[in-house]
Amino acid sequence: MRQTQPALAADSALVRDILAFAAPGSATLHERAEGIDYFVNAFWTAGQRQAHAIHEISYRACFKPQLPEFFISRLTAPGDLVFDPFMGRGTTPLQAALMGRRAGGNDISGLGVMMCRPRLRPVGPDAVEAALRRVDWSRGAVRRPELLAFYHPATLARLEALRDWIDARAPPGDDRPDPVADWIRMVALNRLAGHSPGFFSGRSMPPNQAVSVASQLRINARLGLAPPERDIAALILRKSRALLRDGMMPGGAVLGGAHPCLFTGPAWDIPLEAGAVALAVTSPPFLDVVDYAADNWLRCWFAGLDAGAAALGQHRGAAGWMAMIRRALAELARLVRPGGHVAFEVGEVRGGRILLERQVWQAAAGLPFERLGVLVNRQLFTKTSNCWGVSNFTRGTNSNRVVLLRRSGGGGQSIT
DNA sequence: GAAGTTCATACCTCCCCGGC
DNA sequence: GCCGGGGAGGTATGAACTTC
């Protein structure tokens with residue numbers, strides 16, 4: 001049902017740009033539903049590995065770097081602060097830094113900072129190799145026998161030695177850790193368990209989620225395999241080189257400014273001054289679709305963190321979820337400068353029976369935002385859930401649905 | 001204690017792209 | 001040409017709890 005009437009926010013340069021956007025052979029479709037302007041197209045590539053290689057650490061529920069890139073390029077200038085209050089692995093701050101913007105992010109789990117910070121100040125493979133040679137691998141011992149479901153005994157003992165070595169140089173909560181230990185922990189967190197020989201574990205599920213010990217024992221029994229011994233140091237070095245294969249970033253310098261604004265805590269309580277942020281690109285948990293505590297229990301073990309903190313952002317019902325979103329949006333209204341923007345991404349869940357973008361739209365009502373519309377990026381993409389038979393356009397999440405907000409009170413002109 | 005409601009757990013293992 | 005590795009789930013079932 002294409003409509004020819006103008007967009008509600010036709011004064012927005014962003015909206016004009018989106019309407020004029022033309023992928024090869026496809027113009028943006030403009031629809032209006034429930035008083036909301038929808039802009040539908042394939043706005044960025046669905047191809048895998050099209051962004052900078054340093055993005056390629058596996059984490060459950062992360063959007064493509066092309067999503068923040070789309071908005072950063074249109075709505076910010078070099079030096080502006082780009083922020084994500086639900087950063088997860090930190091795709092938004094990292095992409096902002098790659099584009100010469102200042103990087104900021106927050107996550108309820110301490111894993112967020114541990115995965116993002118070292119990639120904002122990458123260390124070279126030579127430094128990683130030298131540090132790994134200094135680890136006293138003989139000091140480790142098997143302290144958690146149940147983890148032998150995942151690891152060969154010698155591998156598990158070395159993992160414990162590596163944990164001790166990291167903890168002495170980059171303990172959780174230390175905001176000025178040793179950069180090399182910080183980097184090695186980030187890579188190790190990404191190699192703990194997976195479905196190929198590049199991971200420390202025997203064969204498991206894809207690495208964006210850790211199965212339970214009981215599930216891993218079943219996998220081992222079904223395949224008739226015991227976890228083989230792995231060379232942890234060699235795997236960390238190999239993945240380090242892969243992350244840096246596109247280069248060390250501009251000048252190899254610290255990305256995102258000398259002091260990236262990275263925090264651990266709830267999205268509704270960010271220790272940043274009012275008006276500091278030019279653009280927020282973010283995506284909250286989609287109700288309880290992803291069980292972050294279950295997915296991350298193994299990472300939290302390695303990092304010495306409490307996995308339970310992640311549950312704070314998860315809600316089974318729409319009412320509780322919407323209240324959480326309202327608090328996060330109210331905090332964004334404080335942080336984003338007048339004329340700045342918020343791109344708030346959600347996906348379809350429960351077979352499309354609950355339209356989360358409409359809940360976000362409603363939650364933003366009464367806050368100092370102009371609601372510009374919803375950008376829908378609809379395309380085929382690869383899904384982890386292929387593992388259990390969920391393919392494109394059947395069940396699960398099939399589109400990026402981005403609620404676009406402009407902080408009122410300023411000139412309101414975007415940079416194009 | 002029967003009926004209704006909510007909660008917790010188990011189960012399933014594919015497709016694609018780039019590096020080598 | 002091979003293969004490493006990256007990738008936003010949903011349903012069935014029964015236990016546990018609530019209400020009258």
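Numbers restart at 1 for each chain; the letters A, B, ... are given by sequence-line order, proteins then strands. For clarity, every value in this text was computed on a predicted model and none was experimentally measured.
- With A:S12 contributing its side chain and A:L14 its backbone, the two residues share a donor-acceptor pair below 3.5 Å.
- One interatomic measurement links the two molecules: NE2 of A:H55 to C1' of C:dG5, which rounds to 17 Å at whole-angstrom precision.
- Note: CG (A:D295) to C1' (C:dG9) measures 10 Å, nearest angstrom.
- The distance from atom CD of A:Q66 to atom P of B:dC17 is 14 Å, rounded to the nearest whole Å.
- Of the side-chain N and O atoms in A:R218, one or more sit less than 4.0 angstrom from OP1 or OP2 of B:dC11.
- Comparing C:dG6 with B:dT13, their C1' atoms are spaced 15 Å from each other, to the whole Å.
- Judged by atom type and distance alone, A:H195 does not reach the base of C:dG4 through any side-chain donor-acceptor pair under 3.5 Å.
- Annotation: cation-pi geometry not satisfied between A:R371 and A:F369 (NZ/CZ under 6.0 angstrom from ring centroid, within 45° of ring axis).
- Nucleic acid contact class of A:R191 (heavy atoms, under 4.0 Å, all strands): sugar-phosphate only.
- A sub-4.0 Å separation between OP1 or OP2 of B:dC17 and a side-chain N or O of A:Q50 is absent.
- A side-chain N or O of A:S215 and one of A:R218 form a donor-acceptor pair less than 3.5 Å apart.
- Look at CD on A:E56: it is 16 Å from P on C:dG4, rounded to the nearest Å.
- Counting to the nearest Å, the P atom of B:dC14 and the CE atom of A:M205 are 10 Å from each other.
- Although no hydrogens or angles enter the test, the distance criterion places no donor-acceptor pair under 3.5 Å between the side chain of A:D269 and the main chain of A:P266.
- Backbone-only engagement by A:R245 is indicated by non-hydrogen atom pairs under 4.0 Å involving sugar-phosphate atoms exclusively.
- Counting any heavy atom pair closer than 4.0 Å across all strands shown, A:R203 reaches no nucleic acid atom.
- Of the side-chain N and O atoms in A:S196, one or more sit less than 4.0 angstrom from OP1 or OP2 of C:dG5.
- Helical stems in DNA chain C, defined as runs of 3 or more consecutive Watson-Crick or G-U wobble pairs with both donor-acceptor distances under 3.5 Å, are listed by first residue as B:1-12 with C:9-20, B:14-20 with C:1-7.
- For the pair A:L235 and A:F63, both in contact range of DNA chain C, the more 5′-proximal nearest nucleotide belongs to A:L235.
- The closest donor-acceptor contact from the side chain of A:R117 to the backbone of A:L262 lies at 3.5 Å or more, if one exists at all.
- Atom CZ in A:R241 sits about 11 Å away from atom P in B:dC20, given to the nearest Å.
- Here A:S283 lies in heavy-atom contact (under 4.0 Å) with a base.
- Note on ring orientation: taking the six-membered ring where Trp is involved, the planes of A:F344 and A:F86 are perpendicular (angle over 60°, cut-offs 30° and 60°).
- A:K239 has no side-chain polar atom (N or O) that falls below the 4.0 Å cut-off from OP1 or OP2 of B:dG19.
- When each of C:dG4, B:dT13, C:dG6 is scored by its nearest atom to the side-chain atoms of A:F199, the top-ranked nucleotide is C:dG6.
- The pair A:R238-A:D231 does not count as a salt bridge, with every side-chain nitrogen at least 4.0 angstrom from each carboxylate oxygen.
- Between A:A214 and A:S204, the one whose closest nucleotide on DNA chain B sits nearer the 5' end is A:A214.
- Here A:R89 does not reach the OP1 or OP2 of C:dG6: none of its side-chain N or O atoms lies under 4.0 Å away.
- Heavy atoms only, all atoms of each residue included: A:L192 and A:Y151 are closest at O-OH, 2.8 Å.
- For the pair A:I219 CD1 and B:dC12 C1', the interatomic distance rounds to 11 Å; values are reported in whole Å.
- Among the atoms of the strands shown, only primed sugar atoms or phosphate atoms (P, OP1, OP2) are found under 4.0 Å from some heavy atom of A:G198.
- As a whole-Å value, the separation of A:N190 CG from C:dG4 P is 16 Å.
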